[in-house]
Amino acid sequence: SWLWLAGVGAEIAVTQSLTLTPFLRYQDATNFSDGDALNYGTRAHYALNARFGLTGEIKRDDEKNVTYALGAALRF
């Protein structure tokens, strides 16, 4: 069995510091009858300065599960 994934998204600059990225992703495990999943949601990134920012994500799948995530990003 192997897993394949395809996705698409578009980063939209809302302000100079804030971007939103809506996305759609599909994945499938080939040898499992229920191994596929469709996920969609939005990611946000807020730049605090040139090196550090905050991130967030809201994602839903085809089983109607909702995931919320918060994090930090450091450019290096």
Side-chain angles (χ1 to χ4, degrees):
S1 177
W2 53 279
L3 178 73
W4 66 273
L5 170 77
V8 64
E11 187 175 44
I12 302 164
V14 178
T15 67
Q16 189 172 355
S17 299
L18 177 65
T19 60
L20 296 177
T21 308
F23 63 87
L24 177 68
R25 247 186 332 242
Y26 179 79
Q27 67 184 33
D28 189 22
T30 58
N31 287 344
F32 296 99
S33 62
D34 195 27
D36 63 332
L38 178 68
N39 297 302
Y40 55 93
T42 300
R43 287 187 181 150
H45 178 80
Y46 183 77
L48 297 172
N49 58 39
R51 293 202 59 207
F52 189 71
L54 302 174
T55 62
E57 180 177 286
I58 299 173
K59 177 174 60 174
R60 186 172 180 183
D61 64 19
D62 52 354
E63 300 293 324
K64 297 188 175 54
N65 298 307
V66 179
T67 303
Y68 303 95
L70 295 174
L74 176 66
R75 291 177 132 176
F76 55 91

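- Hydrophobic side-chain contacts under 4.5 Å tie Y40 into a cluster, directly or through other members, with W2, W4, V8, L24, Y26, L38.
- Pairs of residues two or more places apart, or lying in two chains, never qualify as salt bridge (Lys or Arg N to Asp or Glu O under 4.0 Å) while including a residue from residues 7-16.
- Across every non-hydrogen atom of H45 and A73, the tightest pair is CE1-CB, 3.9 Å.
- Residue T15 comes nearest to L18 through the heavy atom pair OG1-N, 3.1 Å, listed as atom of the first residue, atom of the second, then distance.
- When the side chain to side chain contact (heavy atoms under 4.5 Å, CB included) test is applied to L48, the partners found at least two apart in sequence or on another chain are Y46, F52, L54.
- Taking all atoms of both residues into account, the shortest heavy-atom contact from A44 to L20 is CB-CD2, 3.6 Å.
- Within the structure, the side-chain hydrogen bond (donor to acceptor under 3.5 Å, both in side chains) test picks out the following pairs touching residues 49-62 (sequence neighbours left out): R43-E57, D61-N65.
- Considering CG of L5 and CG of D36, their distance stands at 12.5 Å, rounded to 0.5 Å.
- The distance from the CD1 atom of I12 to the OG1 atom of T19 is 9.5 Å, given to the nearest 0.5 Å.
- Applying the side chain to side chain contact (heavy atoms under 4.5 Å, CB included) rule to L70 yields no partners; only residues at least two apart in sequence or on another chain are considered.
- Residues in residues 67-76 take part in no side-chain hydrogen bond (donor to acceptor under 3.5 Å, both in side chains) pair, two or more places apart or across chains.
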